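Because only heavy atoms are used, hydrogens play no part in the values below, and waters and symmetry mates are left out as well, while side chains stay in. In this text the structure is predicted, and so the values were computed from the model without any measurement. Letters A, B, ... are given to chains in the order of the sequence lines, protein chains preceding strands, and every chain is numbered from 1.
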Amino acid sequence: MTEIDPANETAAPDQTPNGQPEDTSSNSGRIPKRDFDIPYRYEVTASTAEVTAAHGDIEDGAETGVSVSVAGRIMLKRDQGKLVFADLQDGTGRIQIFGHAKTTPDFDAFSSLFLGDWVGITGEVIKTRRGELSIRPSAWTILAPTQRVFPDKFHGISDQDTKYRQRYVDMWVSEESNTTLRNRSRIMSLTRRWLEDRAFMEVETPTFHGVASGAMARPFTTHHNALDMDLFLRIAPELYLKRLTVGGFERVFEMARVFRNEGISTRHNPEFTMLELYWAYADYNDIMELVENLVSHLAVEITGGTTISYDERELDLAAPWRRASMIELVTEQIGVELSVGMDRAELVAIAEAHDVEVKDYYGTGKIILEIYEKTTEGQLWGPIFVTDYPKEVSPLSRDHRSEPGLTERFEAIVAGRELCNAFSELTDPDEQLARFNDQEAERAAGDAEAMGMDLDYIRALEYGLPPTGGLGIGMDRLVMLLTGSTTIRDVLLFPTLRPEQVRDDSTGDS
RNA sequence: GCGCCUCUAGCUCAAUUGGCAGAGCAUCGGACUCUUAAUCCGCAGGUUCCGGGUUCAAGUCCCGGGGGGCGUACCA
């Protein structure tokens with residue numbers, strides 16, 4: 001037993017510490033520093049969930065004779081005078097601590113614990129006469145005395161700002177936040193395991209890119225002093241990952257934090273996590289199967305089934321998902337047959353009839369995409385694979401094997417949101433160079449999101465990229481889907497916010 | 001970017017038409033040997049986000065600024 005006494009005789013919580021005339025009743029949100037000997041380690045023998053699982057069914061008033069050591073924070077306290085009931089919460093749940101004047105060492109100090117104090121408790125597992133499974137301390141120690149008052153024990157934090165800025169508090173007082181954020185980690189872990197079981201290998205590629213490419217987005221720019229050069233934070237890991245496929249890594253994936261200098265919304269954060277994977281010898285049909293199988297597997301693991309409810313609507317994630325071409329869906333929606341081979345003027349007329357703004361540099365493919373996004377995408381609930389995007393808007397996708405002007409590319413729409421983007425990869429270096437040149441022309445024409453030219457990538461392709469299927473999944477959105485979160489901030493541990501002026505109350509500095 | 005909404009005690013929330021800023025929890029003092037957001041008695045706690053203005057009087061109305069939320073645009 002490595003118990004250390006609370007050793008608080010010199011400064012019981014009801015005294016002013018260090019003789020300071022500090023007013024403990026002042027309403028500053030601060031709790032005066034209390035003087036405890038804090039141990040360097042604490043031997044935990046059970047989580048609260050393990051204690052409950054092992055002893056939850058004993059009879060009211062029973063004693064088990066089993067002693068355990070648990071650790072966590074005091075989250076509730078019911079002081080009865082000679083009896084103090086406290087709820088201890090750890091990463092697995094809560095259990096009641098049964099403090100008793102006759103059996104609990106340093107009972108006065110124990111009954112003076114603050115909500116939020118970290119404690120280690122050793123004691124026998126019992127059940128109270130009223131039937132609450134409890135631990136009756138034979139020894140206890142403070143592991144961290146809180147110096148800040150915890151939020152309302154019943155309402156928690158309702159202010160969104162505080163919730164995201166002080167996530168370390170939100171995680172304790174909001175079971176929903178706690179569960180969602182833990183599920184995020186589980187989803188990441190399950191995804192890795194699922195891919196590794198299928199011979200995919202996790203890799204890490206550079207975050208600093210000399211050219212912003214691999215996606216259409218505005219990049220963040222930074223500067224390296226020693227090399228005296230501007231660098232971009234990556235907007236996608238795509239081109240590096242395909243270099244690895246050229247290099248002979250036949251199945252790779254990366255959980256890539258990517259950065260896009262665009263708006264913030266319930267679905268967008270400037271940095272987010274994208275799973276990208278590349279699978280040599282596979283095409284986009286193989287990738288569709290992979291996606292529907294992965295997502296339905298995760299749904300079962302996280303929610304217990306493939307039918308989930310999101311934003312108060314039902315969604316069945318069981319494979320297989322519907323597959324439909326983009327043009328087919330638009331035709332279905334607006335009742336007009338479209339094709340990339342159409343006369344541009346005719347297409348412009350259709351676009352304008354649907355309030356779609358057409359810029360001068362738009363070709364027929366881009367116009368069709370704009371019409372789809374304006375009229376059709378928002379109507380889709382899914383899950384559905386929208387396939388065969390125009391070549392003009394898909395600079396990294398391989399030409400469709402039978403549909404001229406289109407590519408073998410798909411996006412999955414799930415719960416009305418774009419979940420992933422994938423294609424049979426373009427492998428021909430000359431064709432890729434031509435596509436990059438088209439993008440450069442679009443940039444010159446005013447498209448700030450046009451993809452950057454990457455000549456080393458062209459060189460890599462010249463060494464030979466085998467037929468490859470590639471995929472990018474927005475993991476944050478996947479976590480939102482599986483945890484029922486309607487804002488991306490809820491699935492990010494620390495969402496991007498404006499910097500806060502934190503007052504240092506102890507020194508007056510800021 | 002733009003539009004709308006919002007900000008009151010540490011936390012959760014009140015405050016009528018512009019008329020003395022209040023309650024619950026937490027804290028502090030006290031009571032209580034089976035509580036479950038324990039209960040009961042008492043004390044204390046405020047830059048009403050910030051800065052101007054109108055007014056006899058501003059949490060409330062007006063102007064400017066800041067934080068946050070939602071919608072919208074770009075995007076995943």
Side-chain angles (χ1 to χ4, degrees), chain A residues 13-16 22-32 60-61 75-87 94-104 107 111-112 114-116 126-134 136 146-166 169-170 173 215-218 235-236 256 258-276 357 373 411-414 417-421 447-449 472-478 480 486-489 495 497-501 505:
Chain A
D14 57 353
Q15 295 172 348
T16 52
E22 192 150 12
D23 181 7
T24 54
S25 70
S26 78
N27 198 9
S28 63
R30 302 300 296 257
I31 294 166
D60 295 358
M75 295 304 287
L76 283 177
K77 207 175 71 181
R78 296 173 292 280
D79 191 340
Q80 290 267 284
K82 296 279 195 297
L83 282 181
V84 173
F85 301 93
D87 286 2
R94 286 187 180 190
I95 196 159
Q96 178 169 275
I97 308 301
F98 181 85
H100 191 301
K102 285 191 180 146
T103 60
T104 302
F107 180 73
S111 62
S112 299
F114 279 66
L115 300 190
I126 62 163
K127 192 169 267 189
T128 60
R129 296 209 284 270
R130 293 290 173 85
E132 183 74 24
L133 190 72
S134 305
R136 185 170 58 201
T146 181
Q147 293 181 41
R148 295 262 185 183
V149 176
F150 258 57
D152 188 283
K153 62 190 176 185
F154 187 64
H155 298 97
I157 300 172
S158 72
D159 183 55
Q160 297 293 301
D161 190 12
T162 308
K163 181 184 177 73
Y164 297 131
R165 290 191 196 279
Q166 301 184 35
V169 179
D170 178 49
V173 300
M216 313 237 216
R218 301 173 82 119
I235 55 175
V258 299
F259 308 87
R260 298 189 183 178
N261 203 342
E262 286 160 357
I264 294 180
S265 78
T266 52
R267 295 186 267 290
H268 300 88
N269 197 66
E271 53 178 312
F272 63 101
T273 303
M274 193 153 70
L275 163 66
E276 283 208 6
E357 192 197 342
E373 287 179 348
E411 292 189 359
I413 302 291
V414 184
R417 292 156 167 81
E418 191 185 319
L419 181 71
C420 70
N421 184 22
D447 184 353
E449 279 109 39
I473 297 185
M475 290 304 289
D476 311 276
R477 290 192 180 171
L478 182 58
M480 288 169 69
T486 52
T487 167
I488 195 170
R489 296 182 196 92
L497 298 171
R498 283 191 164 86
E500 177 195 21
Q501 285 287 322
D505 305 342

Student: Considering only B:rC34, B:rA38, B:rG24, which nucleotide approaches the side chain of A:Arg129 most closely?
Tutor: B:rC34
Student: Taking CD from A:Glu418 and P from B:rC74, how many angstroms apart are they, rounded to a whole number?
Tutor: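 The answer, rounded to whole Å, is 13 Å.
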Student: Using atom NZ of A:Lys82 as one end and atom C1' of B:rG30 as the other, report the distance to the nearest whole Å.
Tutor: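 That distance rounds to 13 Å.
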Student: Assign A:Asp60 to base, sugar-phosphate, or nothing according to its heavy-atom contacts below 4.0 angstrom with the strands shown.
Tutor: nothing
Student: Does the side chain of A:Pro270 come within less than 4.5 Å of A:Ile264's, by heavy atoms?
Tutor: yes
Student: Could you state the CZ-C1' distance from A:Phe259 to B:rC74, rounded to the nearest angstrom?
Tutor: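 In whole Å, B:rC74 C1' and A:Phe259 CZ are 19 Å from each other.
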Student: Got a second to check how far A:Thr266's OG1 is from A:Arg417's CZ, nearest 0.5 Å?
Tutor: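 The OG1 atom of A:Thr266 sits 6.5 Å away from the CZ atom of A:Arg417.
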Student: A:Lys77 and A:Leu115: which non-hydrogen atoms are nearest, and at how many Å?
Tutor: N-CD2, 3.8 Å
Student: Mind checking side chain to side chain contact (heavy atoms under 4.5 Å, CB included) for A:Gln96 and listing every partner two or more places apart, or none if nothing turns up?
Tutor: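 For A:Gln96 the side chain to side chain contact (heavy atoms under 4.5 Å, CB included) partners, ignoring immediate neighbours, are A:Arg78, A:Phe85, A:Asp87, A:Thr128, A:Glu132, A:Ser134.
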Student: Answer with base, sugar-phosphate or nothing: what part of the nucleic acid does A:Gln96 contact at a heavy-atom distance below 4.0 Å?
Tutor: base
Student: Does A:Gly156 reach a base, just sugar-phosphate, or nothing at all? Heavy atoms under 4.0 Å.
Tutor: sugar-phosphate
Student: Between B:rC74 atom P and A:Ile235 atom CD1, what is the distance in whole Å?
Tutor: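 Taking CD1 of A:Ile235 and P of B:rC74, I get 17 Å after rounding.
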Student: Between A:Gly131 and A:Pro151, just flag the one whose closest nucleotide in RNA chain B comes earlier from the 5' side.
Tutor: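 By nearest-heavy-atom nucleotide position, the 5'-most residue is A:Pro151.
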Student: With a 3.5 Å distance limit and no angle check, can you tell me whether A:Arg260 reaches the backbone of A:Ile235 through a side-chain donor-acceptor pair?
Tutor: yes
Student: Taking only N/O atoms, report every protein-nucleotides 3-5 of chain B pair under 3.5 Å with atom names and distance.
Tutor:
none

Student: Hey, does A:Leu83 reach any base, or is it just sugar-phosphate, or nothing, if we go heavy atoms under 4.0 Å?
Tutor: base
Student: Counting only Watson-Crick pairs (N1-N3 plus N6-O4 or O6-N4) and G-U wobbles (N1-O2, O6-N3), all under 3.5 Å, who is the partner of B:rG42?
Tutor: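 B:rC28 - that is the nucleotide pairing with B:rG42, both distances being under 3.5 Å.
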Student: Any side-chain N or O of A:Lys153 under 4.0 Å from OP1/OP2 of B:rC25?
Tutor: no
Student: Which part of the nucleic acid, if any, lies within contact of A:Arg218, taking any heavy atom under 4.0 Å across all strands shown: a base, the sugar-phosphate backbone alone, or nothing?
Tutor: nothing
Student: Taking atom P of B:rA9 as reference, at what distance in whole Å does atom CZ of A:Arg30 sit?
Tutor: 17 Å
Student: Report yes if some heavy atom in the side chain of A:Asn421 is under 4.5 Å from a heavy atom in the side chain of A:Met274; otherwise report no.
Tutor: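 No; the side chains remain at least 4.5 Å from each other.
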Student: Between B:rU33 atom P and A:Ile97 atom CD1, what is the distance in whole Å?
Tutor: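 Distance, rounded to whole Å: 21 Å.
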Student: Donor-acceptor check, side chain of A:Lys153 to backbone of A:Met75, threshold 3.5 angstrom: yes or no?
Tutor: no
Student: Where the side chain of A:Arg78 is concerned, which of B:rU36, B:rC34, B:rC28 is the nearest nucleotide?
Tutor: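 The answer is B:rU36, which lies nearest to the side chain.
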Student: Students often get this wrong, so: under 4.0 angstrom with heavy atoms, is A:Gly81 touching a base, only sugar-phosphate, or nothing?
Tutor: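 Base: the residue A:Gly81, judged by heavy atoms under 4.0 Å, touches a nucleobase.
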Student: Mind checking if A:Ile157 touches a base, just sugar-phosphate, or nothing, with heavy atoms under 4.0 Å?
Tutor: sugar-phosphate
Student: Measuring from the side chain of A:Gln80 (C-beta onward, heavy atoms only), which nucleotide among B:rC34, B:rU33, B:rU36 has the closest atom?
Tutor: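 Of all the options, the side chain of A:Gln80 is nearest to B:rC34.
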Student: Looking at every strand, decide which applies to A:Glu132 at a 4.0 Å heavy-atom threshold: base, sugar-phosphate, or nothing.
Tutor: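 Here A:Glu132 touches the bases of the nucleic acid.
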Student: Does some side-chain heavy atom of A:Val169 sit less than 4.5 Å from a side-chain heavy atom of A:Ile157?
Tutor: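 Of all side-chain heavy-atom pairs linking A:Val169 with A:Ile157, at least one is under 4.5 Å.
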Student: Report yes if at least one side-chain N or O of A:Thr162 is closer than 4.0 Å to OP1 or OP2 of B:rC11; otherwise report no.
Tutor: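 Answer no for this pair, as no side-chain N or O of A:Thr162 is under 4.0 Å from OP1 or OP2.
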Student: How many Å lie between CZ on A:Arg260 and P on B:rA73, as a whole number?
Tutor: 18 Å
Student: Which part of the nucleic acid, if any, lies within contact of A:Lys102, taking any heavy atom under 4.0 Å across all strands shown: a base, the sugar-phosphate backbone alone, or nothing?
Tutor: base
Student: Pairs under 3.5 angstrom, nitrogen or oxygen only, protein versus nucleotides 66-69 of chain B, please.
Tutor:
from   : atom 1 : to       : atom 2 : distance (Å)
B:rG67 : OP1    : A:Arg498 : NE     : 2.8
B:rG67 : O3'    : A:Arg165 : NH2    : 3.0
B:rG67 : O2'    : A:Asp161 : OD2    : 2.9
B:rG68 : OP1    : A:Arg165 : NH2    : 3.3
B:rG68 : OP1    : A:Arg498 : N      : 3.0
B:rG68 : OP2    : A:Arg498 : NH1    : 3.1
B:rG69 : OP1    : A:Arg489 : NE     : 3.0

Student: Using whole Å, report how far CE of A:Met75 lies from C1' of B:rA38.
Tutor: 17 Å
Student: Under 4.0 Å, heavy atoms only, any strand: does A:Ser158 hit a base, just the sugar-phosphate, or nothing?
Tutor: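 Sugar-phosphate contact only - A:Ser158 comes under 4.0 Å of backbone atoms but never of a base.
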Student: When you match A:Ala86 and A:Asp79 each to their closest nucleotide on RNA chain B, which lands nearer the 5' end?
Tutor: A:Ala86
